[in-house]
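Written below as structure tokens is the structure these notes are about.
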Amino acid sequence: MPKKTALITGITGQDGSYLAEFLLEQGYRVVGMVRRTSTINFDRIKHIQERIDIVQGDLLDQSSLMEIIREYQPDEVYNLAAQSFVPTSFSQPVLTGEFTALGVTRLLEAIRHIKPDARFYQASSSEMFGKVVEVPQRETTPFHPRSPYGVAKVYGHWITVNYRESYGLFACSGILFNHESPRRGLEFVTHKVTHAAARIKLGLQRELRLGNLDARRDWGYAGDYVRGMWMMLQHDQPDDYVLATGETHSVRELCEVAFGYLGLNWEDYVVVDPKYYRPAEVDLLIGDASKAGRVLGWEPQVSFEQLVHMMVDADLQSLHNNKG
């Protein structure tokens, strides 16, 4: 039986790197799309870079997407590329819309015209729920996004549903709640906290400045969530699924676990700085992944504490290797 081919946009990101690893283990040929920029960061995939095909393309450029689909004829397409940092979406809302919303349409159009039997995964987000109307949030919960990023993700989600219903594409959306790992960007609060805790432990930093300590999130491990993405595309019928742990933790608890793991009292080092507050905050996100459990057999395997400890350990190791 010939190898399946999977195309991953956003392969150099956290999720893209874990998904590429997972698909290689399943025997796939993996094609990773990257944008042509002056600096491309391959750090997250350098250990597997020789085993994957890197191709240049851009969600802003329809013709590049069509050419990639035509050349590689992928069996599965995972759209993980986006402008994905929520604060940036407030300062660059139009660019966020171009990538995170219209980019989905461009990719779906390329698939529809050139490889309509390809199975498509769209990375939706719990940020679409925003100002939540019910707790926990599930597939049927109405959306009320509270950032340009969340709004753009709602568009990407519904255009995926629309192409599934209008053209019969096998198109799925995974509504993923926050998922973290040692490969998370330092601009995200989880890695910001674990990295600062490690630096403070090593005497390289004196304080950590954060925004709203009461903001709560449903945090899971990225490695668990990419497995769920793949499971969605192996099912008989395309559908949309929430992936979440079903537990919620505050930024304050995140600090307690990360600093406490190193024998430190977080209150001695964390300073609340109003400049890190969002213009509109999402207060309580907690997901109900029972549909994914029932239909796909998916469930998370790494706990919140295990995840934070894993990230602190990785930061300590990295700081030792790089001498700060």
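The figures that follow rest on heavy atoms only: side chains count, while hydrogens, waters and symmetry mates do not. Index from 1, following the sequence.
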D239/K291 ion pair, N-O < 4.0 Å: yes

Taking the basic N atoms (NZ, or NE/NH1/NH2) and the acidic carboxylate oxygens, is any pair closer than 4.0 Å for R35 and D61? no

Which atom names give the shortest non-hydrogen contact between V132 and V135, and what distance separates them? CG2-CG2, 4.0 Å

Between the side chain of R217 and the main-chain N/O of N178, is any donor-acceptor distance below 3.5 Å? no

Can you name the closest pair of heavy atoms from A82 and T100 and give their distance? CB-OG1, 3.7 Å

How about Q234 and E76: does a side-chain donor come under 3.5 Å of a side-chain acceptor? yes

So, do K201 and L319 sit near enough that their side-chain heavy atoms are less than 4.5 Å apart? no

In terms of relative ring orientation, are W158 and F143 parallel, tilted or perpendicular, with 30° and 60° separating the classes? perpendicular

Heavy-atom donor-acceptor pair, D224 side chain to Q301 backbone, under 3.5 Å: yes

Is the shortest side-chain N to carboxylate O distance from R112 to E109 below 4.0 Å? yes

Does A222 offer a backbone N or O that forms a donor-acceptor pair with the side chain of Q14 under 3.5 Å? no

Please check: side-chain N/O of D315 versus main-chain N/O of A196, any donor-acceptor pairing under 3.5 Å? no

Would you confirm whether E139, through its side chain, and Y241, through its main-chain N or O, come within 3.5 Å as a donor-acceptor pair? no

What verdict does the side-chain hydrogen bond (donor to acceptor under 3.5 Å, both in side chains) test give for N41 and T12, after you've listed the backbone C-alpha separation in whole Å, the side-chain angles of each residue and the deciding distance to 0.1 Å? CA-CA 7 Å; N41 186 350; T12 59; over 6 Å; no

Between E299 and R227, is the closest basic N to carboxylate O distance under 4.0 Å? no

Can you tell if the side chain of L264 reaches within under 4.5 Å of the side chain of I200, non-hydrogen atoms only? yes

Do W230 and Y28 meet the criterion of a side-chain donor-acceptor pair at a distance under 3.5 Å? yes

Ignoring hydrogens and geometry beyond distance, is a side-chain donor-acceptor pair present between Q317 and N321 at under 3.5 Å? yes

Residues E253, R216: salt bridge by 4.0 Å N-O rule: yes

May I ask you to check if K192 and Y276 form a cation-pi contact, with NZ or CZ under 6.0 angstrom from the six-membered ring centre and within 45° of the axis? yes

Distance-only donor-acceptor check, side chains N79 and T9, under 3.5 Å: yes

Should L19 and Y78 be marked as a side-chain contact (heavy atoms from CB on, under 4.5 Å) after you check the CA-CA gap, both sets of side-chain angles, and the distance that decides it? CA-CA 9 Å; L19 179 61; Y78 296 85; 3.5 Å; yes

Go through the steps to decide whether I52 and V31 satisfy the test side-chain contact (heavy atoms from CB on, under 4.5 Å), and finish with yes or no. CA-CA 6 Å; I52 58 184; V31 180; over 6 Å; no

R199 (side chain) donor-acceptor with L204 (main chain) under 3.5 angstrom: yes

Distance check, rounded to the nearest 0.5 Å: M229 atom CE versus Y121 atom OH? 4.0 Å

Evaluate the side-chain proximity of R209 to E207: yes if any heavy-atom separation is below 4.5 Å, no if none is. yes

For A118 and P74, the nearest pair of non-hydrogen atoms, with its separation, is CB-O, 3.4 Å

Cut-off 3.5 Å, side chains only: do Y221 and Q306 have a donor facing an acceptor? no

Please determine if R183 and E21 form a salt bridge, counting it only when a charged side-chain N lies under 4.0 Å from a carboxylate O. yes

Where the side chain of R146 meets the backbone of K131, is there a donor-acceptor pair that is under 3.5 Å apart? no

Do the non-hydrogen side-chain atoms of S124 and K153 ever get within less than 4.5 Å of each other? no

In this structure, CG of L213 is separated from CG of L254 (nearest 0.5 Å) by 10.0 Å

Kindly say whether Y163 contributes a backbone atom to a donor-acceptor pair with the side chain of S166 at under 3.5 angstrom? no

Any chain of hydrophobic side-chain contacts (each under 4.5 Å) joining M232 to V77? no

Between H179 and D15: side-chain donor-acceptor atoms closer than 3.5 Å: yes

Locate the shortest heavy-atom distance separating I54 from I45; write the atom from each residue and the value. CD1-CD1, 4.0 Å

Has the side chain of K115 got a donor or acceptor atom that lies under 3.5 Å from a matching backbone atom of Y72? no

Would you say that M311 contacts H191 through its side chain, given a criterion of any heavy-atom pair below 4.5 Å between the two side chains? yes

Going by atom types alone, do Q122 and S173 pair a side-chain donor with an acceptor below 3.5 Å? no

Heavy-atom check, side chain of T190 versus side chain of L307, under 4.5 Å: no

Is atom CD of Q237 surrounded by more than 12 heavy atoms (other residues, nucleotides or ligands) closer than 6.0 Å? no

Got a second to check how far C172's SG is from L233's CG, nearest 0.5 Å? 5.0 Å

Hey, is the main chain of A314 close enough, under 3.5 Å, to the side chain of S318 for a donor-acceptor pair? no

Using the side-chain contact (heavy atoms from CB on, under 4.5 Å) rule, take I69 and L7 through it: C-alpha gap first, then chi angles, then the decisive distance, then the call. CA-CA 8 Å; I69 299 293; L7 170 65; 3.8 Å; yes

Can S64 and D58 be counted as having a side-chain donor-acceptor contact under 3.5 angstrom? no

If the test is side chain to side chain contact (heavy atoms under 4.5 Å, CB included), which one of I48, V30, L80 qualifies with I11? V30

Counterpart residues, ring pair (Phe, Tyr, Trp, His ring centres under 6.0 Å), relative to F170 (two or more places apart): none

For residues W298 and Y225, establish whether the separation of their ring centroids is below 6.0 Å. yes

Just wondering, do Y261 and T194 contact through their side chains at under 4.5 Å, heavy atoms? no

Checking Y155 against T105: is there a side-chain donor and acceptor pair closer than 3.5 Å? yes

Does D53 pair with R29 as a salt bridge, N-O distance under 4.0 Å? yes

S89 meets the side chain to side chain contact (heavy atoms under 4.5 Å, CB included) criterion, sequence neighbours left out, with Q83, V86, T96, S147, P148, Y149

Looking at P136 and D288, what are the two nearest heavy atoms and their distance? CG-CB, 3.8 Å

Quick one: do M310 and D313 satisfy side-chain contact (heavy atoms from CB on, under 4.5 Å)? Show the steps, please. CA-CA 5 Å; M310 177 198 305; D313 285 337; 5.9 Å; no

If you compare all heavy atoms of G185 against all heavy atoms of R44, which two are closest, and at what distance to 0.1 Å? N-NH2, 3.6 Å

Kindly indicate whether the side chain of Q137, heavy atoms from C-beta on, has any atom under 4.5 Å from the side chain of L285. yes

With distance as the sole criterion, is a donor-acceptor pair present between the side chains of H309 and E305 under 3.5 Å? no

Atom pair NE2/CG of H113 and L65 - distance to nearest 0.5 Å: 12.5 Å

When you compare the side chains of D214 and S250, does any donor N or O come within less than 3.5 Å of an acceptor on the partner? no

Parallel, tilted or perpendicular: which fits the ring planes of F304 and H249, with parallel below 30° and perpendicular above 60°? parallel

